[in-house]
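Values in this document were obtained by computation on a predicted structure and should not be read as measured data.
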Amino acid sequence: MLYRVLFCIFLSGFASFSMAEKSVSEDPKELAQTVFELERSVAILQLSTASLGDYQSLSTKITNVKSLEYRVNFLGNLTFLLFMTLVVLFVKLHHQNKRLSAMESRTDDKS
């Protein structure tokens with residue numbers, strides 16, 4: 001039992017050591033790029049002078065845009081349904097015209 005405990009401790013120590021070694025070997029260019037992006041983000045946040053009123057007006061504009069989006073989606077769906085209704089109507093009209101011409105030809109043949 002003691003051997004199993006020691007073996008588990010040895011494996012966990014080896015695994016943590018190997019994991020720590022892998023994290024150190026990251027690309028320095030990638031780390032430099034990340035540091036640059038973080039510094040840029042901090043600078044942008046420091047220079048930002050937006051007030052609460054700006055955020056509230058932006059929120060109002062976003063709400064207006066979303067309501068317009070819902071209206072456009074509704075009108076788009078309505079237009080699609082009207083178009084499909086017209087297609088079905090013309091198909092039925094075409095079949096009705098075929099039946100009418102077939103009936104006229106039958107009546108002409110009988111007379």
List the atom pairs, with distances to 0.1 Å, where a side-chain N or O of residues 90-106 and a protein N or O form a donor-acceptor pair under 3.5 Å, not counting sequence neighbours.
{"unit_1": "S101", "atom_1": "OG", "unit_2": "N97", "atom_2": "O", "d": "3.3"}
{"unit_1": "S101", "atom_1": "OG", "unit_2": "K98", "atom_2": "O", "d": "2.9"}
{"unit_1": "S105", "atom_1": "OG", "unit_2": "S101", "atom_2": "O", "d": "3.4"}
{"unit_1": "S105", "atom_1": "OG", "unit_2": "A102", "atom_2": "O", "d": "2.7"}

* Asked: At what distance, to the nearest 0.5 angstrom, does CG of L68 lie from CG of N73?
  -> 11.0 Å

* L82 CG to L86 CG distance, which is reported to the nearest 0.5 Å -> 7.0 Å

* Structure fact -> side chain to side chain contact (heavy atoms under 4.5 Å, CB included) filter on I62, not counting sequence neighbours, yields L58, K66

* To do: Using side-chain hydrogen bond (donor to acceptor under 3.5 Å, both in side chains) as the criterion, list what pairs up with E37, not counting sequence neighbours.
  => Q33

* Asked: Is V87 reachable from F80 through a run of I, L, V, M, F, W or Y residues, each pair having side-chain heavy atoms under 4.5 Å apart?
  -> yes

